[in-house]
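Right, one structure below, let's go through it.
Order of the sequence lines sets the chain letters (A, B, ...), proteins ahead of strands, with each chain counted from 1.
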2 protein chains.
Amino acid sequence: MNSFTAENYLKAIYKLVEHSSNPVSTNSIAEKMNTKAASVTDMLKKLANKKLINYQKYQGVYLTTKGEKVALSVIRKHRLWEMFLLEKLDFKWDEVHDVAEQLEHINSEKLISQIDKFLNYPKFDPHGDPIPDANGKIQQQKSNSVSHYKKNDALIMTGVVDHSAVFLQYLDKSGLALGNEIRIKEVIEFDKSLKITINKKNTLFISNEVAKNILAITR
Amino acid sequence: MNSFTAENYLKAIYKLVEHSSNPVSTNSIAEKMNTKAASVTDMLKKLANKKLINYQKYQGVYLTTKGEKVALSVIRKHRLWEMFLLEKLDFKWDEVHDVAEQLEHINSEKLISQIDKFLNYPKFDPHGDPIPDANGKIQQQKSNSVSHYKKNDALIMTGVVDHSAVFLQYLDKSGLALGNEIRIKEVIEFDKSLKITINKKNTLFISNEVAKNILAITR
DNA sequence: AACTATTTTTAGACCTATCTAAATTATTTA
DNA sequence: TAAATAATTTAGATAGGTCTAAAAATAGTT
């Protein structure tokens, strides 16, 4: 079993490598983990001993297949718990992260698979980030803001950028929720505002400002 | 903040003192915690420094008000999580404990109060043990098996003794569930079997064997 | 009361995770 | 390319939690 700390290091490395795809530097890990470079070096040696990362002195690190599996499992748990807190326990968006940071380390296959089922197997978390499945597979398609798409595109709403209460209340009032199907019926050239339908039923006009703050993928 | 380990010690001491009400011995703690007496002594000093227990060398320990508050909070969380796993996530009775052991250490006021609400503020866990409220108050009345009560008593079912699948299926089939009102209509002297009503509606005959395995309090 | 057995505590070690300060290696830059 | 700067690693400490073996205190028994 890996310690909470080890899991957090692996998660941090995963996220750092995700964008750059180069080996990750000791300093960047230290920054992300809010710790000192010396502590990172110590931990890297331990993780390397467990074959969770590939590590060569002064050369940075990347995850092994084994390490990536652990990282993806932690990320899966984190994102499912966030979803659960938000959807089932009436948490606010900004309250979700800290608790999920704790819950992501709970060790129980059954627990997480049941939470997944309880939520009806969501593919994206409330921030629009993909949720890895039980095998660590992640939906490749990345979310974009609705303003990025064009006329006649059929989308699935996966998240939001702005998490303020006013914005979320507006979404609520307009009947826009995670998982909804959004079709772009018209793009007004003048101000880039959109005419859309929600779940093939309700029609709605949204400003470009709103469109920029809603995340979606093509369905 | 107290460590998981410290919380577990406090919980163990609470449970040991609950029955005997005398100071708790180092050895009994060691046994309950599956550790060695020397380790217990070390920890007792730390807990005493934090004013969580009263400790005098060789004289055993008991909880301070502060320590008891922590213990009750951990027990509350444990029992609520057990309830949640059982009722909402389709866990089996025997799968519940180990996961609750982990979840009981998650630190979030809001999380546990929302779980409490989600479960509709249960007063007893599935084993018939009382669930402390947010202030650490516990329902004083202890659960007894139904066979312990007499004619015309009005009860609330709080738990079961036997957790086997056959028994639980029988309860299910008979419409007996946690929180139900049970009224004892008749006690057959010959074999101590009972005629009861469930929620003032359905009538049911149960053997003494069954009655012994159902826990309840008077309402 | 004195001796024995049991319980509890101390002493000394170890492991994990962290830190500061110093040493080493890599990278820039003049 | 040699000196200066930045990044990384090592060395040595500290803190939490655990252990074994030995010492001290308490409880039991004759």
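Judged by closest nucleotide on DNA chain C, B:T26 is the one of B:T26 and A:F4 placed further toward the 5' end. Each of B:Y55 and A:M33 was matched to the nucleotide of DNA chain C holding its nearest heavy atom; the match closer to the 5' end belongs to B:Y55.
Between the A:D162 side chain and the A:S164 main chain, a donor and an acceptor come within less than 3.5 Å of each other. Between the side chain of B:T64 and the main chain of B:K51, a donor-acceptor pair closer than 3.5 Å is present. Side chain of A:K66 to backbone of A:K50: a donor-acceptor contact under 3.5 angstrom is found. Distance alone, capped at 3.5 Å, is enough to place a donor-acceptor pair between the B:D125 side chain and the B:H127 backbone. The main-chain N or O of B:N107 is found under 3.5 Å from a side-chain atom of A:Q102 such that the two form a donor-acceptor pair.
In this structure, the CG atom of A:L47 is 12 Å from the C1' atom of C:dT16, given to the nearest Å. B:N27 places its CG atom 13 Å from the C1' atom of C:dA5, with the value rounded to the nearest Å.
At most 12 non-hydrogen atoms from other residues, nucleotides or ligands lie less than 6.0 angstrom from OH of B:Y62. No more than 12 heavy-atom neighbours from other residues, nucleotides or ligands sit within 6.0 angstrom of CD on B:E31. In A:K69, the NZ atom is not crowded: 12 or fewer heavy atoms of neighbouring residues, nucleotides or ligands sit closer than 6.0 Å. Heavy-atom contacts from other residues, nucleotides or ligands closer than 6.0 Å to NZ of A:K192 number 12 or fewer.
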Check the interface with nucleotides 26-28 of chain C: list each N/O to N/O pair with the protein under 3.5 Å, or write none.
none

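Near DNA chain D, meaning a heavy atom under 4.0 Å from it, residues 35-44 of chain B has B:T35, B:K36, B:A38, B:S39, B:D42, B:M43 in order of number.
For the 3.5 Å distance criterion, the side chains of A:N27 and A:S25 fail to qualify, holding no donor opposite an acceptor.
Across C:dT7, C:dA17, C:dT10, the shortest atom-to-atom separation from the side chain of B:K45 is found for C:dT10.
Chain B approaches DNA chain D within less than 4.0 angstrom (heavy atoms of the protein), and the contacting nucleotides run 5' to 3' from D:dG16 to D:dT26.
Geometrically, B:K88 does not engage A:F118 in a cation-pi contact, judged by NZ or CZ lying under 6.0 Å from the ring centre and within 45° of the ring axis.
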